[in-house]
Amino acid sequence: MLTETSSKARGLADLPPVVNDSLLALIAMCDADPRPEKIDVGVGVFRDGAGNTPILKVIKGAEQRLVDTQKTKAYLGSAGDKRFAELLRPILLGHHADDERIAGLQTPGGCGALRLGFELIATANPKARVFIGTPTWPNHPPIVRAVGLTTVEYPYYERGQGAIRFEDMLDALRSGEPGDVALLHGCCHNPTGADLDEAQWRQVRDVVVERGLFPLIDIAYQGFGRGLDEDAYGVRLMLDSCDEVIVAQSCDKNFSVYRDRVGSLWVKTGSRDATATAMGHVFQRAREMWSMPPDHGAAAVHIVLEDADLRERWLAELAGMRDRINSVRQRIAAADPRLAFIGRQFGMFSMLPLSKEQVLKLREEQAIYMADSGRFNVVGMGDAQIDRFIAAVVGAMDS
Ligand SMILES: Cc1ncc(COP(=O)(O)O)c(C=O)c1O
């Protein structure tokens, strides 16, 4: 409470400026560029051969059905659409789907799931440190810090080699204390595209088990890499071996519903009762933050997964997106031996072996927009732009 003797209250005018998210700044810069030939490979959405991010046909159909049949928009509760989570369960958990020690709920996208997962960890163990790979998706560290947990970096990727710094990663994780969190990308690593292979996942699992670490897996691109089951290998392996696991999942990419904010959080503990108690905390945190998740996108995904025909058609549309990602990767990889590593990576992102100066030059002289780090979206461009992109990148590497 302010008293006559207290110093002047601080107001909103006293706030320091925020350093903008560099990727959002890049999108704004590209939008403002009038050059018609501009190429936007900074963006984080799938684009088809024509350069568009269309609404999937199955989602359009499901939305129409929703408009025609939905009878109420009454509140659903903090868990959101429970049937949505049930339908997603086997897709994500595979042979763990029947494990009653695992519970899940709908969240506002993968971001909501990450925040809620870390809220749960901070509630249980405020001293936990979170091991985060370098580099990682730029929103990971702020989400972790927002719940008051500290971050520790583990080396993940060597840009010059186009390879995972696997031994360094393991060594860093070995320095973790029991209860510290290992944040891992389930598949299609953002920003590097460098995924752990199955043998590497098993070695990471061994360290996690030996050191008593808490695996938290962020899986935002299931189905964009090798296939739905293949991409969930790491999630399922950790569930095989660990009593406590958290998985933050997103449907925003694999159903192409980005702005509708569709995701889910999954919590495993050593017993059904402990999971029920943990979920009580999860619901409480969700209630404090967003009360309940937005319904529309999850309702459309629910309709798709419930209907055998729509589900088949979704799998085909997903395979179409995956095939485009992988074929553009092969095309870039074949252009120059220095880009060959791109053909061995997965998902939408890879990092080009370019300096910040070379990236800026591409932006200024060729209207090619990518993150300063050289991260680019292999399907950010339409088919007609790929040759010019490759020529410009090879030219930049030669300069
Ligand atoms: C690694 C990673 N995790 C989580 C997310 C969050 O996805 P959503 O849009 O569903 O919040 C993204 C989105 O770009 C991502 O790249």
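The shown structure was predicted, so the numbers you read here are calculated from the model rather than taken from an experiment.
- Residue pairs meeting the ring pair (Phe, Tyr, Trp, His ring centres under 6.0 Å) criterion with at least one partner in residues 377-399, sequence neighbours excluded, are F376-F389.
- Applying the side-chain hydrogen bond (donor to acceptor under 3.5 Å, both in side chains) rule to pairs touching residues 90-99 yields H95-D240, H96-D240, D99-R101, sequence neighbours excluded.
- Within the 4.5 Å cutoff, the side chain of I59 has no heavy atoms near those of the S256 side chain.
- Here the side chains of R363 and D33 are not in contact, with every heavy-atom distance at 4.5 Å or above.
- Ion pair K73/D295 not flagged as a salt bridge, since none of the NZ, NE, NH1 or NH2 atoms sits closer than 4.0 Å to an Asp/Glu carboxylate oxygen.
- R83 and D81 are not joined by a salt bridge, as no carboxylate oxygen comes within less than 4.0 angstrom of a charged side-chain nitrogen.
- The nearest pair of heavy atoms linking D195 to I164 is O-CD1, 3.5 Å.
- Side-chain contact of S264 with Q106: a donor-acceptor pair under 3.5 Å is absent, judged by distance alone.
- When every heavy atom of C30 is checked against every heavy atom of D40, the shortest pair comes out as SG-CB, 3.6 Å.
- A heavy-atom distance below 4.5 Å is not found between the side chains of P353 and R159.
- Without hydrogens or angle criteria, S327 side chain to D323 main chain gives a donor-acceptor distance under 3.5 Å.
- In this structure, K361 does not pair ionically with E364, as no charged nitrogen and carboxylate oxygen lie closer than 4.0 Å.
- Relative orientation of the Y221 and F224 rings is tilted, given thresholds of 30° and 60° on the angle between their planes.
- In plain terms, the two heavy atoms of A333 and G343 that are nearest each other are CB-N, 3.5 Å.
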* Would V379 and V41 satisfy side-chain contact (heavy atoms from CB on, under 4.5 Å), going step by step from the backbone distance to the final call? -> CA-CA 7 Å; V379 288; V41 285; over 6 Å; no
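- Between V207 and M169, the closest side-chain pair of non-hydrogen atoms is not below 4.5 Å.
- Both the sub-6.0 Å distance and the 45° axial angle are not jointly satisfied by R165 relative to the ring of Y156.
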* To do: Test D231 against R322 for salt bridge (charged side-chain N to carboxylate O under 4.0 Å, His left out), laying out the working first.
  => CA-CA 12 Å; D231 291 351; R322 176 170 63 246; 5.8 Å; no
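- A salt bridge is defined here as a Lys NZ or Arg NE, NH1 or NH2 lying under 4.0 Å from an Asp or Glu carboxylate O, and D252 with R259 fails to meet this definition.
- Salt-bridge annotation for E288 and R285: present, with a side-chain N of the basic residue lying under 4.0 Å from a carboxylate O of the acidic one.
- Under 4.0 Å is where a charged nitrogen must lie from a carboxylate oxygen, and between R211 and D180 no such pair does.
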* To do: Start with the C-alpha distance between R115 and E119, add both sets of side-chain angles, then the distance that settles salt bridge (charged side-chain N to carboxylate O under 4.0 Å, His left out), and finish with yes or no.
  => CA-CA 6 Å; R115 176 65 188 258; E119 289 278 351; 2.8 Å; yes
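- A salt bridge does not link E317 with R313: none of the charged nitrogens is closer than 4.0 Å to a carboxylate oxygen.
- At least one donor-acceptor pair closer than 3.5 Å links the side chain of N326 to the backbone N or O of G225.
- Heavy-atom minimum distance, L354 versus M397: CD2-CG, 3.7 Å.
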Report all side-chain donor-acceptor pairs from residues 142-155 shorter than 3.5 Å, counting only partners two or more places apart or in another chain.
residue: E153; atom: OE1; partner: T134; partner atom: OG1; Å: 2.8
residue: Y154; atom: OH; partner: L183; partner atom: O; Å: 2.8

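- No side-chain heavy atom of F283 sits under 4.5 Å from any side-chain heavy atom of R287.
- Cation-pi contact between R375 and F349: present, with separation from the ring centre below 6.0 Å and deviation from the ring axis of at most 45°.
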* To do: Before giving the answer on side-chain contact (heavy atoms from CB on, under 4.5 Å), spell out for V301 and W314 the whole-Å C-alpha distance, their side-chain angles and the decisive distance to 0.1 Å.
  => CA-CA 10 Å; V301 170; W314 167 60; over 6 Å; no
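- Closest non-hydrogen pair, Q358 versus A396, comes out as NE2-O, 2.8 Å.
- Between S350 and T192, every side-chain heavy-atom pair lies at or beyond the 4.5 Å cut-off.
- With a 4.5 Å cut-off on side-chain heavy atoms, R261 and C111 count as touching.
- In this structure, a donor-acceptor pair under 3.5 Å is absent between the side chains of H189 and Q345.
- Salt-bridge annotation for D171 and R174: present, with a side-chain N of the basic residue lying under 4.0 Å from a carboxylate O of the acidic one.
- No side-chain heavy atom of L93 sits under 4.5 Å from any side-chain heavy atom of R236.
- Nearest heavy atom pair, residue M321 against residue K253, reads CE-O, 3.9 Å.
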